[in-house]
Number of protein chains: 2
Amino acid sequence: MTTMKEIAERTGVSISTVSLVLNKRDAGRVKPQVAAKVRETATQLGYRPNPLARSLRTSKTSILGFVSDEIATTPYAGRLILGAQDAARALGYMILTVNTNGEADLEEHEISTLKQYGVDGFIYARMFNQRTTVPESLLSLPTVLLDGTDDTGRVPSIIPDEEAIGYEATRHLLDAGCRNIAYVGASDRAYAADSGRRAGYRRALREAGLETDAGLEVGTTFNQPALDVVGDLFDARHPDGFFCFNDARAWYVYESAARRGLTVGRDISVVGVDNHRIFAETLAPRLTTMDLPHYEMGYWATLKLVSLIERRTPRIDLPHTTSPLPSLDDHDARIRCTLIRKESVV
Amino acid sequence: MTTMKEIAERTGVSISTVSLVLNKRDAGRVKPQVAAKVRETATQLGYRPNPLARSLRTSKTSILGFVSDEIATTPYAGRLILGAQDAARALGYMILTVNTNGEADLEEHEISTLKQYGVDGFIYARMFNQRTTVPESLLSLPTVLLDGTDDTGRVPSIIPDEEAIGYEATRHLLDAGCRNIAYVGASDRAYAADSGRRAGYRRALREAGLETDAGLEVGTTFNQPALDVVGDLFDARHPDGFFCFNDARAWYVYESAARRGLTVGRDISVVGVDNHRIFAETLAPRLTTMDLPHYEMGYWATLKLVSLIERRTPRIDLPHTTSPLPSLDDHDARIRCTLIRKESVV
DNA sequence: TTGTATGCGTTATCAT
DNA sequence: ATGATAACGCATACAA
C-alpha cells in the first residue's frame, strides 16, 4: 500500500501538496506542472487512499450499515443486498451487513457495533413489505427503511407499489380474456402487502366493469389447509383466472387444478408474484409470474441514503432495469413491479 | 463516542495507563485500584474502542472480506452469509460483503477495495460446490474457500461431504424398503457435487448387496427436457425410490409420478437435497428433503479464517446445529449433511 | 507504577 | 505556490 508520504518523497514535494492535488483542491494553488507530476507518480505507484486514516480525520467512513432481520430465510434478500451493493460501489461506498435474527437486543448490539465502525448511515431492511417500527437508536444517523412500511413516518422508505402490482396482475388476466377472476392472498396479517394487492385487484375489476365479490377472494396459510381453501374456491366458483399473492399460493392453484383435470395455461390462467424463483425452473412456461423489483429497491435505498448523507442528489444510472424509477425526493418511494416473465396466459 | 482521552481526564491518569488497563496489559504494571477505577469509568461512560483508529496503529482491522460471485441468484447464499456473520460476531469481527456478478475485472477491483479497507483475510465463497480457481490477488492474505473445490489446493476449503450425502440419502431409501433406486442428477458439469453424490449412492447400493445400474442413473437440465428424461426413467425402469440431486429434480419426479397416477410417499419414495426451501411450504410432508448445512459451512469458514489470521484456534461454540463438526486443523473440512426433515418415506 | 513521546495516513490551518 | 505542523484515537517503546 503506497502512501502520500512516498509520493511526496518521490516527487520532491511535501505531503500537503500531494494531498491538495490528489483531492483536487489545487485550483490555482499548486503549479500545474507540479500537480501533473504528483498525479503521474500517484497512478504510477498505484496509489489508493487509506479510507481508515481518512475517516479518522474526517469522521466520515464511506461505509453504510445494512441491518436486516432475516437475511437467511428468504431467497430474494440477496437481490435487495445486491442492488444496494451495486449502488454503493457506484457511489464509492462499502456496505457492512449485519443481521439480527429477529432478536431485539442483538439488534441493538449490532447497531451500536456499526456505529463504532463509524458508518455514515443505515439501511434498515425488512424482507417483505410489513409494518415496521424503526429502532430509536438508528435515528441519530441518516436512515432509510427498505421493503417495510414505517409506523411513525419518521424515515423515508422504499417499498413496492403493491396496489399497482395487484392492478397490473389483474389487468393481465383481464386482457387474456378472463371474466371470473379470483384473488388468492395471504391470511397472515404480517403480510402488509396483501391489502394493497387486493385493492389493486379490485380496482382493475371495477374499471373493467366487473363486480367485486368477496367470495372470489381467499386468504391461505400453507400446506393442506391452503389446498383445502383453494380447492373449495375451485368447486364453489369455478374461476377462469387467478391472481396469486406469491408463488407458494400459485402452487396450490396449480395443484388444485391438476386434481380437477384442469391445465394451467389452457383451461385457466394464473398470475403469481414470484418470491422463490423455483417456478422459473419447474412450472414455467405454464405460469405467468411477476418479479418483485428487489434489485431496484436495494439500489434506490442506497441512492436515497447517500443523498441524505451528502445532502445532494447523486448522479443516477441504474443498470439492467426495466422498472420505472421513483423520484429521489419523495419521502416514500414506491417502486412498481413491471417485469412479467413467461407469457403463457391463455 | 467516548474516547480514552476522556476516560483519562475523568480518572486523573494518562492515556497510556487507560490503554494498558483496557487492553488487559496491566499485570503488575498498573496499581489494581487505579485499574479498577479506570475500568469503572470506562463502563460508566459506555466506552467502546474505535476500531478504525486502533487499526491505523496495528494494521489489524478485525474486518473480514467476503467475496462471492452470485449472492443474488441462489436462495441459500443467505445462510452461508448468516453463518459466517454469526461466527464473526462471536469472534469480534465484522464482515464486509462484496459481490462480483461473475465478472473477473470487477472481482479484482472489489478485492483491491477490500484490501484498501484493510481486511485481515478473505472468505472466497461459491454458491454451490464447484471447481474453483482462487484469484491470485487473494493469496497475499489468509484466505478460505467456501463451498468450492480449489483447483490448486493452495487454500483450505469448507465443503459439504457430497459422498456422505449421497450415501445417507440412499441408505434412507434402502431403510424404507426400496430396492430399485434411481439417481436423478444434474447433467450440467458445473455441478461438481453431482459425482460425489452419485458415488455415495453407488456405495450405499453395493453395501446393501444391490447391483449398480447405469440405466437407473440419469442427469437432467430443466423444464420439459427434464420431464422427458424422468418420464422415460419411470416407464423403462419403474423405480420404487428416487434420490434427487436437488429439489428442482425432485419436482420432476413428483410431477412425472402424478401423471402416472402414482403418489409420492405411498407408491414411491423420494429423497431430495433441498436448495430452494419452497417444498417446505408446498410438497411437504410428502417428500423427504435433506438440508445442506449452509449455515454451518459459513460458520466454519469464518472460524477457520480467524484461526489462520490469529495463528491460534479460537474457542468454538456453534449454536443451533446438528451437523457433526469437522476439525479446524484439516486443510479441507468436509461437513456432513445430516438434517432430514419431514419423514414421510413409505 | 505511571507518564511522555512518537507514529499510523490523512486533512486542514497557518506560515512562509 | 508550497511546506511545516497539529490533530483524529489508539498502542507502545522508553523514560522517569
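Naming convention: chains lettered A, B, ... in sequence-line order (proteins, then strands); numbering from 1 in each chain.
Using a 4.0 Å heavy-atom distance criterion, A:S19 is classed as a base contact.
Remark: B:L91 pairs with B:Y93, B:T302, B:L303, B:V306, B:P314 by the side chain to side chain contact (heavy atoms under 4.5 Å, CB included) rule, at least two apart or across chains.
Within residues 7-15 of chain A, the residues approaching DNA chain D are A:G12, A:V13, A:S14, by heavy-atom distance under 4.0 Å. A heavy-atom distance below 4.0 Å to DNA chain C is reached by these residues of residues 42-54 of chain A, ordered by number: A:Y47, A:P49, A:N50, A:A53, A:R54. Taken residue by residue, residues 25-41 of chain A places heavy atoms nearer than 4.0 Å to DNA chain D at A:G28, A:R29, A:V30, A:K31, A:V34.
Between A:R29 and A:D26, none of the side-chain N atoms (NZ, or NE/NH1/NH2) sits under 4.0 Å from a carboxylate O, so this pair counts as no salt bridge. By the 4.0 Å N-to-carboxylate-O rule, B:R154 lies close enough to B:E136 to be salt-bridged with it. Taking the charged nitrogens against the carboxylate oxygens, A:E296 and A:R79 have no contact shorter than 4.0 Å, which rules out a salt bridge.
B:K24 has its NZ atom 16 Å from the C1' atom of D:dA11, to the nearest Å. Straight-line distance from the CE atom of B:M1 to the P atom of D:dC8: 17 Å, rounded to whole Å. Rounded to whole Å, the distance from CD on A:Q116 to P on D:dC10 is 10 Å. A:Y117 places its OH atom 17 Å from the P atom of D:dG9, with the value rounded to the nearest Å.
Side chain A:S16 to base D:dA4: a donor-acceptor pair is found below 3.5 Å.
Between A:Q85 and A:M94 the shortest side-chain heavy-atom distance does not fall below 4.5 Å. Within the 4.5 Å cutoff, side-chain heavy atoms of B:L145 are placed close to those of B:R126. Between B:L96 and A:L96, some side-chain heavy-atom pair lies under the 4.5 Å cut-off.
Judged by distance alone, the side chains of A:S112 and B:R48 do bring a donor and an acceptor atom under 3.5 Å apart. Side-chain atoms of A:T313 and A:S307 form no donor-acceptor pair, as typed in the model, at a separation below 3.5 Å. With no hydrogens or angles considered, no side-chain donor-acceptor pair links A:S19 and A:S16 at under 3.5 Å. Residues B:T149 and B:Q130 have side chains that never bring a donor and an acceptor to within less than 3.5 angstrom of each other. With 3.5 Å as the limit, one finds a donor-acceptor pair spanning the side chains of B:Y295 and B:D86.
Residues A:M4 and B:L20 both approach DNA chain C. Their nearest nucleotides, taken by heavy-atom distance, put B:L20 toward the 5′ side.
Taking the 5' to 3' direction, DNA chain C first and last meets chain A under 4.0 angstrom from a heavy atom at C:dG9 to C:dA12.
A:K115 NZ: more than 12 foreign heavy atoms inside a 6.0 Å radius.
Side chain of B:D120 to backbone of B:T61: a donor-acceptor contact under 3.5 angstrom is found.
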Exercise. Please walk me through it: do B:S157 and B:D332 pass side-chain hydrogen bond (donor to acceptor under 3.5 Å, both in side chains)?
Worked result: CA-CA 5 Å; B:S157 70; B:D332 292 314; 2.7 Å; yes

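Summary for the helix from C:dT1-D:dA16 to C:dT16-D:dA1: the axes at its two ends, each from 5 pairs, differ by 60° when rounded to the nearest 10 degrees.
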